[in-house]
Amino acid sequence: MDSYKESHQEEIEYLSNTIAFINEEMEKEKIDLLEKKSDLIAARKDMYENTVHISSDFESLVDMNLYHSQINNQISNYNINLQRIKKLNKMISSPYFGRFDFIEKGSSEKEKIYIGLYNLMDRNTGQVYVYDWRAPISSIFYRYELGEAMYDTPLGISRGDVSLKRQYQIRNSKLKYFFDCSVRITDEILQEVLSHNTSAKMKNIIETIQKEQDVIIRDREHELLIVQGVAGSGKTSIALHRIAFLLYEGLNSNLQSNNVIIISPNAVFSHYISSVLPELGEENVRQSIFDDLVLDAFKGRFGEETRDMQLETLIYSRTKTLGDQRRQSIDFKGSRIFKQILDRLLWHYGHRLIVFEDVYYNGTIIATRQQLKNRFLHNEIGIPMAKQLKIIEKTLLEKVHPLQRNRLKRLEKIVEKSEGHEFEIKSFSRLLAIKQAKAFRERIQRFTNVDYRQLYEVLFNNHGLLVKLSQGLELPENIEEIVTATQQYLRKGQVHYEDYAPLLYLKLKIEGNDLFSEIKHVVIDEAQDYSPLQYEVFKLLYKNATYTVLGDIQQTIEKAIDRSLYDDISEILDKRKTVKLSLDKGYRSTREINTFTQKLLDEGAKQNYCSIERHGEEPLVLHQETSESMDEAIIGDIANYTELGYESIAVICKTQDQAEKVYCRLKESVQITLIKPRGGEVIKGALVIPSYMAKGLEFDVVIVYDANKENYSSDFDRKLLYIACTRALHRLVIYYKGDRSLLI
Ligand SMILES: Nc1ncnc2c1ncn2[C@@H]1O[C@H](COP(=O)(O)OP(=O)(O)OP(=O)(O)O)[C@@H](O)[C@H]1O
């Protein structure tokens with residue numbers, strides 16, 4: 001037998017043994033599950049029959065409690081069983097995708113390490129059929145070629161030699177093919193994976209994780225890991241695989257899915273990525289967008305303007321002075337300088353603006369204003385301002401409490417002497433006492449109540465104060481206009497999106513934050529979308545968490561491209577162990593599309609970039625005489641590309657408004673969906689979407705709608721165009737009417 005035949009025979013046998021083992025395990029688990037189910041039903045019945053259902057008697061309550069905790073245990077065991085069955089079910093179709101043979105230093109025995117989605121081990125014999133891709137030893141598969149290799153174990157580094165590396169395609173429990181490779185993961189298999197159509201939901205990449213990606217996924221050393229990665233370099237994929245890894249590691253470190261939160265840019269994106277972690281076996285990881293954090297924190301007090309609305313306003317007012325002013329206002333209110341002003345405002349409030357008063361009750365002094373102020377200013381244990389003032393209020397009320405009896409007696413005497421209340425002295429006096437107590441409390445609350453919104457308004461309403469607080473700081477040139485505009489809309493009861501972060505910062509500083517204490521790890525995707533002040537807010541919200549922050553500064557929309565953002569993030573989050581890494585290789589698009597999109601970047605913003613060697617058609621830039629002919633061409637394209645087998649085709653418009661109009665016209669002739677900012681899921685087929693909403697998503701075919709000179713002219717437009725074009729996997733078509741945009 002030649003060596004391939006021998007290997008083939010060996011692999012067929014290994015696969016069939018593995019599948020047989022999975023089937024056996026599945027049978028056992030199913031029997032176990034049935035037993036657990038009937039035990040659970042019996043326990044519930046027993047509890048129903050043998051305990052009282054309503055009681056205030058202590059012994060009966062203890063009894064009920066015992067039954068409850070027993071049933072809860074049974075339910076959790078039942079769920080563990082179900083999870084195991086789910087995992088086995090996922091494995092049966094394709095139990096592993098890779099193998100390497102490893103001889104540990106000092107040993108003569110060759111171990112065959114098969115790698116798949118989960119561990120598969122015979123607990124009786126100790127034989128490991130498959131290693132979880134996250135297991136320490138599996139890192140060798142992603143990081144090493146043939147020859148010397150090492151991996152991290154809980155007991156230290158383990159070294160050895162890799163004598164074989166093999167990759168498989170197994171579908172429906174059948175071995176389709178396998179091949180040996182000397183390099184890490186061959187480009188052929190990666191290209192094969194990348195040449196497929198994209199799906200409506202993001203997929204896992206465990207079979208082809210690249211070395212530089214694996215380093216990020218498996219990092220356990222750093223408390224803050226910052227990744228700058230070019231478009232399509234796998235940042236989002238890495239973020240999700242890293243979470244799965246940390247949760248696996250979590251078996252040792254106590255990290256559970258409810259200890260992790262992903263901050264993502266919008267609801268459509270959240271949907272898009274929502275299936276990766278469940279696919280990897282990790283459910284219940286929370287996702288949030290900044291807009292939702294704001295709504296929750298302000299309890300609906302404000303939050304009408306969303307980020308999409310802010311972006312739309314910027315797009316529409318680009319050429320007007322108002323637009324520039326708004327942009328500068330956004331920059332300023334998100335800056336570290338504004339954070340310093342807010343800190344000074346808080347200090348100033350505590351030291352100068354709170355007007356403590358002497359507190360009298362029933363003619364006796366309870367506390368002088370100086371005593372109250374001293375108590376407030378000597379807050380050594382750092383209790384947040386609002387809580388501290390409430391403690392002062394409580395202490396004053398407690399002091400007054402024993403005096404209220406005397407006050408009541410005094411009131412009764414006064415009432416006795418007055419006419420018309422002879423028959424109701426007691427009740428009338430009590431009523432008076434209640435009213436006076438209320439007035440007393442309100443007097444105290446004049447200095448113990450603090451409202452972050454009012455304080456924010458003070459800053460803009462009092463010009464002298466802003467000047468004073470910004471001494472030594474560099475303010476934007478048009479600060480006067482920013483202040484006047486803010487003053488005006490705050491007076492009308494409105495709040496802009498860029499005010500949320502400063503308001504939330506003030507709120508958290510003033511009131512403190514007891515929420516999210518369970519969060520131990522935060523993943524921030526599209527990191528370039530957040531301002532330094534938003535990072536200050538994250539720091540206050542997730543006080544003790546470690547962070548993974550991933551972004552691409554080329555995809556910054558509303559601000560100027562600022563390479564110092566990552567330094568700011570690292571200073572703000574201020575973790576002991578921080579690392580900044582970069583990813584320069586784009587995996588999403590064909591080389592032709594990648595070459596084209598890199599040329600869209602401003603000369604000054606060019607970056608280190610390399611593309612995956614996957615080839616396809618050159619992007620097309622096509623002129624159309626009229627809107628009608630452009631519509632017709634797009635309708636034709638949708639039909640052609642569908643015919644060619646592409647499954648997701650996005651018509652990307654600059655704005656929401658434009659997207660709605662195009663959708664209304666196209667839907668008469670083709671099956672097409674409009675994606676709205678809060679519109680839920682991206683589905684397969686043809687869709688129309690505004691440029692900024694397409695961020696983070698990807699499509700087999702991208703058709704850019706009307707990239708003419710008017711639509712795409714400024715630097716701001718350049719970024720929208722870049723985001724739109726970098727979404728394409730296989731085909732990119734750009735239409736324009738009139739003059740072609742000079743950005744192309
Ligand atoms: N190692 C890999 N193996 C297979 N596919 C990969 C790999 N890395 C990235 N990809 C694919 O490349 C595409 C882009 O990945 P992803 O969306 O994670 O990149 P990104 O850096 O977040 O992109 P962007 O910033 O442009 O939104 C996805 O289809 C992803 O599955």
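Each ligand, and each atom within it, is numbered from 1 in the order the structure gives.
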- Query: Can G696 be said to touch ligand 1, with heavy atoms closer than 4.0 Å?
  - Reply: yes
- Run down the list Y587, Y722, Y142, Y272 and name the one with the heavy atom closest to atom 12 (O) of ligand 1. Y587
- Item | ligand 1 N/O within reach of D552 N/O, cut-off under 3.5 Å | no
- Note on the structure: atom 7 (C) of ligand 1: closest protein heavy atom, distance to 0.1 Å, is I205 CD1, 3.8 Å
- Item | Charged N-O contact under 4.0 Å between K86 and E283 | yes
- Message: Polar contacts were defined as any N/O atom of the residue lying under 3.5 Å from an N/O atom of the ligand; does this apply to M202 and ligand 1?
- Response: no
- Determine, for Y566 and K580, whether the Lys NZ or Arg CZ falls below 6.0 Å from the six-membered ring centre while staying within 45 degrees of the axis. no
- Short version for I238: what comes under 4.0 Å of ligand 1, heavy atoms counted, is neither
- Task: Sort out for me which residue in L742, L720, I744 forms a side-chain contact (heavy atoms from CB on, under 4.5 Å) with Y712.
- Result: L720
- Task: Decide yes or no on salt bridge (Lys or Arg N to Asp or Glu O under 4.0 Å) for R166 and D180, but give the supporting numbers first.
- Result: CA-CA 4 Å; R166 189 164 280 175; D180 294 349; 2.5 Å; yes
- Should one rank R588, E212, K695, R727 by closest heavy-atom distance to atom 17 (O) of ligand 1, which comes out on top? R588
- Message: Can you report which non-hydrogen protein atom sits closest to atom 25 (O) of ligand 1, along with the distance?
- Response: K235 NZ, 2.7 Å
- Has R327 got its NZ or CZ under 6.0 Å from the middle of the six-membered ring of F716, at an angle within 45 degrees of the ring axis? yes
- Message: Minimum distance, heavy atoms only, to atom 9 (C) of ligand 1: which one of G551, G234, A231 is it?
- Response: G234
- Closest heavy-atom approach to atom 29 (O) of ligand 1 among Q210, E698, E207, Q191 is made by E698
- Item | Within reach of ligand 1, part of Q213 (heavy-atom separation under 4.0 Å) | side chain
- Item | Residue part near ligand 1, for Q555, under 4.0 Å between non-hydrogen atoms | side chain
- Measure the distance from atom 11 (C) of ligand 1 to every protein heavy atom, then report the residue, atom name and distance (to 0.1 Å) of the closest one. L194 CD2, 3.9 Å
- So which bit of K203 gets within less than 4.0 Å of ligand 1, heavy atoms only: side chain, backbone, both or neither? neither
- Lys NZ or Arg CZ of K112 over Y14 ring: under 6.0 Å, within 45°: no
- Task: Determine whether the side chain, the backbone, both or neither of I209 has a heavy atom under 4.0 Å from any heavy atom of ligand 1.
- Result: backbone
- Given R588 and E698, is the salt bridge (Lys or Arg N to Asp or Glu O under 4.0 Å) satisfied, shown in steps? CA-CA 8 Å; R588 175 181 294 127; E698 62 185 28; 2.7 Å; yes
- E223 with K577: basic N within carboxylate O range, under 4.0 Å: no
- the protein heavy atom lying closest to atom 30 (C) of ligand 1 turns out to be S237 OG, 3.8 Å
- Task: Please say which of Y497, Y692, Y500 ends up in a side-chain contact (heavy atoms from CB on, under 4.5 Å) with R307.
- Result: Y497
- Item | Mode of T208 contact toward ligand 1 - side chain, backbone, both, neither (heavy atoms, under 4.0 Å) | both
- Task: Go through ligand 1 atom by atom and flag the ones less than 4.0 Å from a non-hydrogen atom of V230.
- Result: 21 (O)
- Message: Parallel, tilted or perpendicular: which one describes the rings of Y542 and F538, with boundaries at 30° and 60°?
- Response: parallel
- Determine the interplanar angle of the Y142 and F97 rings, folded into 0 to 90°, and report it as parallel if under 30°, tilted if 30 to 60°, perpendicular if over 60°. tilted
